[in-house]
Amino acid sequence: MISQFFILSSKGDPLIYKDFRGDSGGRDVAELFYRKLTGLPGDESPVVMHHHGRHFIHIRHSGLYLVVTTSENVSPFSLLELLSRLATLLGDYCGSLGEGTISRNVALVYELLDEVLDYGYVQTTSTEMLRNFIQTEAVVSKPFSLFDLSSVGLFGAETQQSKVAPSSAASRPVLSSRSDQSQKNEVFLDVVERLSVLIASNGSLLKVDVQGEIRLKSFLPSGSEMRIGLTEEFCVGKSELRGYGPGIRVDEVSFHSSVNLDEFESHRILRLQPPQGEVRLTVMRYQLSDDLPSPLPFRLFPSVQWDRGSGRLQVYLKLRCDLLSKSQALNVRLHLPLPRGVVSLSQELSSPEQKAELAEGALRWDLPRVQGGSQLSGLFQMDVPGPPGPPSHGLSTSASPLGLGPASLSFELPRHTCSGLQVRFLRLAFRPCGNANPHKWVRHLSHSDAYVIRI
Amino acid sequence: MPYLGSEDVVKELKKALCNPHIQADRLRYRNVIQRVIRMSKLDQWGQAEVLNFLLRYQPRSEEELFDILNLLDSFLKSSSPGVVMGATKLFLILAKMFPHVQTDVLVRVKGPLLAACSSESRELCFVALCHVRQILHSLPGHFSSHYKKFFCSYSEPHYIKLQKVEVLCELVNDENVQQVLEELRGYCTDVSADFAQAAIFAIGAEKREQRGDKKSLGDCCQVSPTKILHCRCAATKRVPHIWLPCGIARTYTDQCVQILTELLGLRQEHITTVVVQTFRDLVWLCPQCTEAVCQALPGCEENIQDSEGKQALIWLLGVHGERIPNAPYVLEDFVENVKSETFPAVKMELLTALLRLFLSRPAECQDMLGRLLYYCIEEEKDMAVRDRGLFYYRLLLVGIDEVKRILCSPKSDPTLGLLEDPAERPVNSWASDFNTLVPVYGKAHWATISKCQGAERCDPELPKTSSFAASGPLIPEENKERVQELPDSGALMLVPNRQLTADYFEKTWLSLKVAHQQVLPWRGEFHPDTLQMALQVVNIQTIAMSRAGSRPWKAYLSAQDDTGCLFLTELLLEPGNSEMQISVKQNEARTETLNSFISVLETVIGTIEEIKS
């Protein structure tokens, strides 16, 4: 049971405030919450905070704080789920979630909250149900049109414009295009994987974890059956074996409750009855750890030379991209923490589009685009001032200095899934009246959650 | 907005469960529940709500219980973590008589919990980690094979990293110790000094936020023997909460000491100070590592600047000085710079350490001990330091044998380590807290929170006792929350400061029946103050007590738990009888809490008995 709900901007300004039960405090709780949050000692968790018989539970989402207060000992899992669901809903209805969109759509947000929560109890959070009750239209900063964005490719891909939707296409409000019938027939299906990897300093793999999701966003006016075909070699669990190839194996799968799994066993087809109208749902979630069918996308070969006496540190980094040569990685950034007090940096990079700089005690090496199979290198020289240790002291001087590493990489891999899972087809079992085939957009994407390489 | 399907169901169920007729009629109750459960059209919020309502249902037979479990089984596989955790809680509570079912449920919830731990939402991840720790308290090996899931990644916020480090320490076993320690060592050189220190403390099996308490242990050995009795009594009560319950360092001492020694080689100030503090605790708990620690110590004094680190180093040099060749010279440096020393605590530590070292290595220390005593008595402005100096001076005047008798206390206390061994908490002790805010806040913090709330709630029913309460507490403020979390009290949570007036006690005592009577062995004399103090530590108040030595000897005690249930107790020692008779009365008849209360009482009396003999 929720007493209050409010949204704060990243600077602590209250954007939305709603009291459901009138049982606790006034508007100043928002301020109180922000004061408590900023005054918290570093080792305490801010997720759940307590003040005078009132619990604050919040999530941070795209720079905003979504906070609920309650005075009961509720289930934290349910509340956090509700908060992230609210964030998604607000995103759906306002186009995207952010300080600007929220403050432009205050009326809509309050209307939504009224319908979702009644006297602190959840009524419904389904987009489909809520559509019947929401009257206000979202205010979008500029009217959306596919053709305005003529030169933007999906994640920089250089395919024909007509075949690829801009990445922002899926982030339009679910209701705003009511008047504009012609553009409504679109379905977006994303296979998104998050990759977290830990590689030891000797190059052995300590941990691989893949968290994958299949997300659907449909703008179809009337619901009818939709069939999603997954790769046939897709196996769940360690023991199952399908097909003759190496197979695509995941450890655990969970499906949205509306997914019909009749054909899943035999043909790996998910049947889905998407509700009428615009919806957005996570069709399937899966996890995979430890054995990856494909090689890791990146390997780093560092070599460090450190002269303790003069404080000169030389780091040579060689980055190899093990993707297939036709795919590429984008927005690659390598982050390498450096010993304290590093002053100067001299660099030799293997190609001109790269950039490296010192930021907050760390080396940041940006590689906008890395082609599969290529190898890049950078040589960095730094001075580490500080009292040179007496040479007689125990440790060998070849050991890397304190505070160097581990390196972490962040990147995006468009059209690549680490598990190898692909969507074979997406079929709609109906023809919307009077219109041509609906546009179906299927994306595959992997990105790094934590890709850490020890040095 | 009209009520939706799920809302209807919830309303119906609510109505049904509140209706006494349905509650009485087993068949109808069951029909309602079945109908509700079979409505798969509920959305996740409705499901969570229904599972919450079902917690109130008490199955009449085993058969019915398993029926319900089978009906609800699909909820454990739900894709919403809220529903899965709600179902888990319900299963744990319904199956409280069937430990194997509980274990089975916890095995099945492993997957969803681990998924939540690596979820994209930091907040969800944190909450899941808290629940993982809760499960680990009962089933220490439960997540051991998944230790890699708890490795920290660079981008995570501080509070998640801390939780993960604690989880890692708790799930360590023979198979993964190498990898886990390797990982922890990586954290020790983290860029963030705070996190690095937390990781080092974790290796040394110490809980970080209680660092301030560490001194109390050292003090136990400094004070005169007459006081040791009291200190020990307090220390034994408090210890389980000072140390991490699992103690990675106690089982794998050699590896830990080796890692810590390597860290000293980095010669970084913030690392060295924490390592030395960890050494002090390790030596105290695990005497077998003393040799290794003594070899590692020389040289690290250059890299210690802060008060805590200095105190730890000086303590180590004083207590184990005879094994460290250059100990007198290091202390001499400290003596030389004592004028510029800003922390009185360091000076006190220095006085004690030097006097101790003087006993084992008189020739090297005599001169500087004289200088230090002179300085402390003549020039020092801090009264506590000056008094300590004077005290030692007079002690030395009495004679060296007397000094030895007073200062040479034991140098380690491995029994503390044994005491702290986690009495594996039964699942039932926390099942009702699962999927609530309690694991998220931590049990100790939750106790203070519910205490505040409870005080507001209970006050009208009880006579005003604020004046009593103000003078009542013997325990320092910061210890209270820890005291609440006695391992043996299980689900029982005694509220501190709930001092009853003697009148009220008498009235209640006379109006109630004896709920439990028991006889404990008891020999010889004892000091009632000790007993009173020990009882105070566990929040049992003494209302009245006979004088020491009188026969028959009686004491009346009262305590109250967080639900407001009162426990009134009489202790009776008959003359010539070597037994203590205990009678407990309770204002609400609940056997579960009564049993835990009695076990608390037994523990306290047992401890006193032990000290006495």
Side-chain angles (χ1 to χ4, degrees), chain A residues 42-48 50 52-53 55 57-60 73-84 114-115 118 121-126 129 133 194 196 198 206-207 209 211 252 254-257 282 285 287 289 335 337 361-362 389 393-395 402-403 406 408 449-450 452 454, chain B residues 1 3-4 6-7 40 43-45 48 52 77-86 111 115-116 118-124 126-128 148-149 151 153-156 158-160 162-163 179 186 189 191 194 198 208-209 265-268 299 435-438 440-441 445 449 452-453 456:
Chain A
D43 52 345
E44 266 181 53
S45 111
V47 179
V48 178
H50 176 258
H52 279 302
H55 306 284
I57 299 167
H58 83 277
I59 62 166
R60 262 204 96 163
N73 192 3
V74 291
S75 154
F77 286 101
S78 295
L79 268 193
L80 288 175
E81 228 182 319
L82 174 68
L83 282 175
S84 32
D114 277 338
E115 301 299 347
D118 182 30
Y121 290 97
V122 185
Q123 302 213 71
T124 182
T125 54
S126 104
M129 291 277 201
F133 307 108
R194 284 187 302 136
S196 57
L198 180 63
L206 290 179
K207 162 183 149 177
D209 234 342
Q211 309 271 329
E252 230 170 289
S254 65
F255 299 96
H256 190 267
S257 51
T282 304
R285 277 203 180 96
Q287 291 129 38
S289 51
H335 182 101
H393 195 267
L395 277 189
L402 174 83
S408 58
D449 184 31
V452 178
R454 299 238 180 91
Chain B
M1 178 169 174
Y3 276 111
L4 301 171
S6 67
E7 196 69 16
S40 54
D43 65 359
Q44 48 168 317
W45 317 111
N52 206 12
K77 295 185 203 117
S78 162
S79 66
S80 140
V83 174
V84 176
M85 297 307 153
S118 41
S119 132
E120 211 166 351
S121 150
R122 306 287 187 216
E123 292 82 10
L124 190 63
F126 174 76
V127 169
K148 282 180 186 169
K149 293 260 184 191
F151 284 1
S153 75
Y154 161 75
S155 51
E156 281 165 340
H158 196 59
Y159 59 88
I160 288 193
L162 289 181
Q163 284 294 329
Q179 288 86 342
T189 50
V191 199
D194 281 343
R208 193 181 124 90
E209 54 272 20
L266 294 170
R267 311 161 64 77
Q268 289 280 316
N435 193 25
T436 66
L437 296 175
V438 181
V440 184
Y441 278 114
H445 191 185
I449 290 173
C452 307
Q453 286 176 339
E456 287 161 25

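Note that this is a predicted model, so its numbers are computed, not measured. Protein chains get the first letters and strands the later ones, always in sequence-line order, with residue 1 at the start of each.
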B/Ile449 and A/His55: CA distance, side-chain angles, deciding distance, side chain to side chain contact (heavy atoms under 4.5 Å, CB included) verdict: CA-CA 10 Å; B/Ile449 290 173; A/His55 306 284; 4.2 Å; yes

Chain A contact via B/Val84 - side chain, backbone, both or neither, heavy atoms under 4.5 Å: neither

Side chain / backbone / both / neither for B/Ser80 at chain A, heavy atoms under 4.5 Å: both

Minimal non-hydrogen separation, B/Ala128 against A/Phe77, with atom names: CA-CZ, 4.0 Å

Atom group of A/Ser75 that falls short of 4.5 Å from chain B, counting heavy atoms: both

Heavy-atom side-chain proximity of A/Leu80 to B/Val127 below 4.5 angstrom: yes

Side-chain (A/Asn73) to main-chain (B/Leu437) donor-acceptor, under 3.5 angstrom: yes

Contact origin within B/Tyr441 toward chain A - heavy atom pairs under 4.5 Å: side chain

Residue pair B/Tyr159, A/Val47: steps toward the side chain to side chain contact (heavy atoms under 4.5 Å, CB included) verdict: CA-CA 9 Å; B/Tyr159 59 88; A/Val47 179; 3.7 Å; yes

CZ/A/Arg194: more than 12 non-hydrogen atoms of other groups inside 6.0 Å: yes

Option that, when pairs with chain A are counted at under 4.5 Å, heavy atom only, ranks first among B/Gly111, B/Ser78, B/Ser153: B/Gly111

B/Trp45 vs A/Glu81, side chain to side chain contact (heavy atoms under 4.5 Å, CB included): CA-CA, chis, key distance, verdict: CA-CA 10 Å; B/Trp45 317 111; A/Glu81 228 182 319; 4.2 Å; yes

Any side-chain heavy-atom pair of B/Asn435 and A/Pro76 under 4.5 Å: yes

A/Thr125, part contacting chain B, at a heavy-atom distance under 4.5 Å: both

Interchain contact, A/Leu198 with chain B, by part (heavy-atom threshold 4.5 Å): side chain

Close side-chain approach of B/Lys148 and A/Ser289, heavy atoms under 4.5 Å: no

Winner by heavy-atom pair count (cut-off under 4.5 Å) against chain A, out of B/Ser118, B/Ser121, B/Ser79: B/Ser118

Which portion of B/Gln44 sits near chain A, non-hydrogen atoms under 4.5 angstrom: side chain

Among B/Leu124, B/Asn52, B/Val83, residue most engaged with chain A (heavy-atom pairs, under 4.5 Å): B/Leu124

Whether B/Arg122 side chain and A/Arg60 backbone form a donor-acceptor pair below 3.5 Å: no

Between A/Ile57, A/Leu79, A/Leu82, A/Asp449, the one whose heavy-atom pairs under 4.5 Å with chain B are most numerous: A/Leu82

Structural part of B/Ala48 lying under 4.5 Å from a heavy atom of chain A: side chain

